[in-house]
Amino acid sequence: WQMAVDYCNKKSQMDGLTPCYSGSGDNITCNFAASGYRLPTEAEWEYAARGGLKSQNYIYSGSNNPDETAWYVPNCQDRIQPVGKKKANELGIFDMSGNIWEWCWDWYEAAYYKDSPVNNPKGPSEGKKRTYRGGGGPGGRVEWLRNTARYSLDTTYRSFDMGFRIAGNTTGKKTGNMFL
């Protein structure tokens, strides 16, 4: 997680954007109004995985059949697969179910969504572990592939099957929408 945050800030600087993150270690804050790149919140990640406004309410990102959209134990040949070889979801996004786990911004709290804000929740303000989503790769089981499945790890955890997507606010000549 910490390496993903560092990457987002460095890429933001390289592209002439204002970095979203400040602080260090477990005391990192996010300026969601900044023009730079950042990790998606859990809510943003799930919205994208479900297909946004085009959602067909699939269990997995793009299908109710995991073999159509996801790499996991029965079909991944015990390794991470190239992106884009399975069916995309309704937004044209690949591999949100399976292949690798993806870090999100949020601190993890099991019951957070029971009483969270309805519109664009940003997660708890503090915690011990950060959230990751996506269903994993070579060790992934089918129940982990669901769009709603969520887990947590220490921010220093590193593994070959952990990754991230970048999100942010577009600026200038771009459309003004969040991108993933």
Side-chain angles (χ1 to χ4, degrees), residues 1-8 20-21 25-30 32 37-52 55 57-81 83 86 88-89 91 93-118 120-167 178 180:
W1 186 89
Q2 291 176 355
M3 291 173 71
V5 165
D6 288 342
Y7 174 87
C8 290
C20 293
Y21 298 115
D26 286 337
N27 294 314
I28 293 174
T29 59
C30 182
F32 287 92
Y37 306 111
R38 61 179 173 76
L39 298 176
T41 64
E42 270 199 272
E44 291 168 337
W45 189 97
E46 188 170 324
Y47 181 80
R50 287 178 176 265
S55 177
N57 296 311
Y58 294 127
I59 298 168
Y60 314 107
S61 186
S63 177
N64 286 328
N65 178 350
D67 291 322
E68 290 181 359
T69 61
W71 296 109
Y72 65 117
V73 169
N75 67 6
C76 74
Q77 295 85 39
D78 240 0
R79 63 180 185 268
I80 294 170
Q81 298 294 319
V83 174
K86 293 283 187 176
N89 74 1
L91 296 175
I93 303 172
F94 293 92
D95 295 333
M96 291 199 77
S97 294
N99 215 13
I100 64 165
W101 296 104
E102 299 180 10
W103 286 112
C104 294
W105 159 253
D106 307 42
W107 287 109
Y108 182 83
E109 182 181 307
Y112 175 73
Y113 290 103
K114 181 180 176 198
D115 297 314
S116 71
V118 175
N120 203 16
K122 305 271 191 296
S125 58
E126 58 186 29
K128 296 192 185 304
K129 297 181 178 186
R130 294 285 183 169
T131 302
Y132 64 98
R133 306 285 292 261
R141 299 189 318 227
V142 70
E143 60 267 25
W144 298 347
L145 303 173
R146 295 181 331 271
N147 292 327
T148 57
R150 51 194 299 264
Y151 305 95
S152 66
L153 284 168
D154 184 79
T155 61
T156 59
Y157 181 80
R158 294 168 59 173
S159 177
F160 74 97
D161 63 351
M162 292 296 293
F164 60 98
R165 292 177 192 262
I166 57 174
M178 203 262 323
L180 263 175

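Quick note: residue numbers are just sequence positions, from 1.
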What pairs with Glu126 under salt bridge (Lys or Arg N to Asp or Glu O under 4.0 Å), at least two apart in sequence or on another chain? none
Of Gln2, Lys128, Arg130, Lys129, which is the lone residue that meets side chain to side chain donor-acceptor pair (under 3.5 Å) with Thr155? Gln2
Ring centroid separation Tyr132 to Tyr157 under 6.0 Å: no
Extract all donor-acceptor atom pairs below 3.5 Å that involve side chains of residues 69-76 and protein atoms in other chains or at least two apart in sequence.
residue	atom	partner	partner atom	Å
Tyr72	OH	Asp67	OD1	3.0
Asn75	OD1	Tyr72	N	2.9
Asn75	ND2	Ala70	O	2.9

Listed pairs under 3.5 Å, donor-acceptor, residues 108-116 side chains, sequence neighbours left out:
residue	atom	partner	partner atom	Å
Tyr112	OH	Gly123	N	3.2

Please find out if less than 6.0 Å separates the ring center of Tyr21 from that of Trp105. yes
Salt bridge (Lys or Arg N to Asp or Glu O under 4.0 Å) partners of Arg50, counting only residues at least two apart: Glu46
Is there a donor-acceptor pair under 3.5 Å between the side chain of Arg79 and the backbone N or O of Pro138? no
So, Asn120 side chain and Ala43 main chain: donor-acceptor pair closer than 3.5 Å or not? no
Under the salt bridge (Lys or Arg N to Asp or Glu O under 4.0 Å) test, residues paired with Arg146 that sit two or more places apart: none
CZ of Arg38 to CD of Glu44, rounded to nearest 0.5 Å, is 4.0 Å
Do the side chain of Asn64 and the main chain of Ile59 share a donor and acceptor less than 3.5 angstrom apart? yes
What salt bridge (charged side-chain N to carboxylate O under 4.0 Å, His left out) pairs are there with at least one residue in residues 149-161, not counting sequence neighbours? Glu42-Arg150
